[in-house]
Chemist: 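Below is a structure I'd like to ask you about.
Since the model is a prediction, treat every value here as computed from it, not as a measurement. Letters go in sequence order (proteins before strands), and every chain restarts at 1.
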Number of protein chains: 2
Amino acid sequence: MSRVINGHKRVSEANRERVHKAMKELGYRPNSFAQALASNRSNSVGMVVTHISGNFFGPMLHTVEETLRAQGVHLIAASGYDDLEKERDAVRFLLSRQVDALILHTNALPDDEIIELKQQGTRVVVINRFIPELAEDCIRLDNELGGYLATKHLLDLGHKKVAHISGPLLYEDARDRFNGYRKALDEHGVEFDPRLIVEGSFMEDRSMPVIEKLFKRDVEFSAVFCGNDNLALQVYDWLSQNNYIPGDQYSVIGFDDMAFARHLRPRLSSIDFPIITMGKLAAEYALDKDSTRQRNSNLRLEPSLMARDSSANRRC
Amino acid sequence: MSRVINGHKRVSEANRERVHKAMKELGYRPNSFAQALASNRSNSVGMVVTHISGNFFGPMLHTVEETLRAQGVHLIAASGYDDLEKERDAVRFLLSRQVDALILHTNALPDDEIIELKQQGTRVVVINRFIPELAEDCIRLDNELGGYLATKHLLDLGHKKVAHISGPLLYEDARDRFNGYRKALDEHGVEFDPRLIVEGSFMEDRSMPVIEKLFKRDVEFSAVFCGNDNLALQVYDWLSQNNYIPGDQYSVIGFDDMAFARHLRPRLSSIDFPIITMGKLAAEYALDKDSTRQRNSNLRLEPSLMARDSSANRRC
DNA sequence: ATAGTCAGTGTAAGCGCTTTCAATATGCCA
DNA sequence: TGGCATATTGAAAGCGCTTACACTGACTAT
């Protein structure tokens, strides 16, 4: 009797037990499709991320999956590759799977389309992006603070010329980090020099040309704030290829504090991104059936500085 | 009309078109639960891996997801943590989701239980493990060959004393790699010395004590073959903490050739594990509806040597 | 004592598909 | 032209559940 399974209140204790016993004896397993069909709930959540196998998304997916599973809800993840068509496709696919909620980490999909999803009745959680109309469904990091902390750290170490290799500036988070950089500069009375800026990619192994460009430019600098750790990793590569040592001739700091940061030599300074917290939060938002619950409509997690060996006092 | 959707043959061209047109006009989307319920197929595949966010499983999951999605099938992934209860739990969860097939990368689950799953009618694909009764459903790497190649490489470089930090020897793959190591030793007429062996973990950041034990033991050696790249990474950590340089005083080779291997300095030599190929194959096996198709019942992918800077000629 | 409540239980109508089977239409043969 | 095989279509019976509704008693307030 379905009332027992679903923990309906109006069932006598005696009967509840009888049913439970019978279920065990018969090895009964509810058919989740029949449940879904009849109740119009699927107990599944869809998530689209940039790339399932990313250093950043791995831990995120893991946390989300774990949190959902604890509630008997399953996760269907799809890669969007930051490409408009592919993101659309992923959403379409997940929707065709009747997910109860959608967790989106998309960069190409325009705000409108996301808002429309919500209007069509899908619960939506937006990660690392802010959409005013969906304010209560957005979870993001205070990227500006992160950029500020990173830059201030370098400035405090005595560096006057701090370069910045940003992520794609068409992404909100990359822009915010950049703004934090400028804010720190301003606060320290250092003049902004556009020659110290280049725009890279957040993905692995794509930004070498840009990094090279920066280092070969006719500007001096002694420190680099990288938009994320992948960029920092490539800066490491470049430095080592050119017989420099991070933290020595050039101080470098990354962003995200990915697992590999502390394994690099010298260990990479970075800005800690609370991925786990964010994943958990996203899953909880997604599970939040009646989104009646009052949510913080301007939720921003706080990053923090992880100073290690790649950032050191200015020498030359 | 379902016959059109499912590409049934006996439909007139005219009607097929009429239906397609109507579907578009009405924005019709088939309900996947009703389909699943009526047809008893779910168009979903479950996968249990050790840890969703692992360096190894990320690319694997990604490939599997991509391959499945191209067929409109979705993937539900769950972590098993190499723990018997958790693996069971994951399987139970996936089964309750009526997956059409199960891709298993489990280490704790005994053979019997996996065989039983198959007997109960679930399509099963077993990764990185060999179960004779399920020979045609197993996809694995020739780990022994890998261990052999790694060790031979070090031996060829002139090292006489080659240590081995294995993965947990209760795992088949770890044992096979170890066997490959011994085989290479034998072939080079080098006597096996048990003092040069320690057993670590494949997971991140768990093997430092064991590594320390090896280096502090009263045996000399000039090269280490690590059971996987995570172990090699920790050897790097230990070496750097003790002011050694990999490839200099100690040659190091890992296994799996994870993405970070080529970013380490010195770049880590490793044994390439064709993760992508394996993921693709696993997905295809899982999709293989009528497993009538003759499969290779002893499929082993071949690893290959990626020699980089961490393995060098013996100096001292 | 009577009507009104309500916890507890049984019943049946779907949810939106697939699939079987019967019904009709078409084409071919002698 | 009749008869039969084959192509196409329509209709209906579920798939295994949820849920709205009707019903039974027992209990309470009048």
Chemist: I need the minimum non-hydrogen distance between A:N43 and A:D100, along with the two atoms involved.
Modeler: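 Minimum heavy-atom separation between A:N43 and A:D100: N-OD2, 2.7 Å.
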Chemist: As a test of understanding, state which of B:F56, B:F202, B:Y81 forms a ring-ring contact (aromatic ring centres under 6.0 Å, His included) with B:H51.
Modeler: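 The single option meeting the ring-ring contact (aromatic ring centres under 6.0 Å, His included) with B:H51 is B:Y81.
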Chemist: Without decimals, in angstroms, what is the distance between A:R41 CZ and C:dG16 P?
Modeler: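 Answer to the nearest Å: 15 Å.
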Chemist: Using whole Å, what does the distance between atom C1' of nucleotide C:dG14 and atom CZ of A:F33 come to?
Modeler: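 Roughly 20 Å, once rounded to whole Å.
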Chemist: Please state whether the rings of B:F33 and A:F33 are parallel, tilted or perpendicular, taking 30° and 60° as the class boundaries.
Modeler: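 Rings of B:F33 and A:F33: tilted, 30 to 60°.
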Chemist: When you get a sec, tell me which of C:dT19, C:dG14, D:dG14 is the closest nucleotide to the side chain of A:A38?
Modeler: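 Nucleotide nearest to A:A38's side chain: C:dG14.
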Chemist: Do A:N128 and A:D173 pair up side chain to side chain, a donor and an acceptor below 3.5 Å, judged on atom types alone?
Modeler: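 No, no side-chain donor-acceptor contact under 3.5 Å.
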Chemist: Tell me the interatomic distance from A:N31, atom CG, to C:dC15, atom P, rounded to whole angstroms.
Modeler: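 The answer, rounded to whole Å, is 18 Å.
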Chemist: What nucleotide among D:dC17, C:dT18, D:dG16 has an atom nearest to a side-chain atom of A:P30?
Modeler: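 So the side chain of A:P30 is nearest to D:dC17.
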Chemist: A:L37 CG to C:dG16 C1': how many Å, rounded?
Modeler: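 One finds 6 Å between C1' of C:dG16 and CG of A:L37, rounded.
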Chemist: To the nearest Å, how far apart are B:Q35 CD and D:dC17 P?
Modeler: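 In whole Å, D:dC17 P and B:Q35 CD are 19 Å from each other.
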Chemist: Which listed nucleotide (C:dT18, C:dC17, D:dG16) is nearest to the side chain of B:Y28?
Modeler: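 Selected nucleotide: C:dC17.
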Chemist: Check the distance between D:dG16's C1' and A:N40's CG and give it to me in whole angstrom.
Modeler: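 Result: 16 Å.
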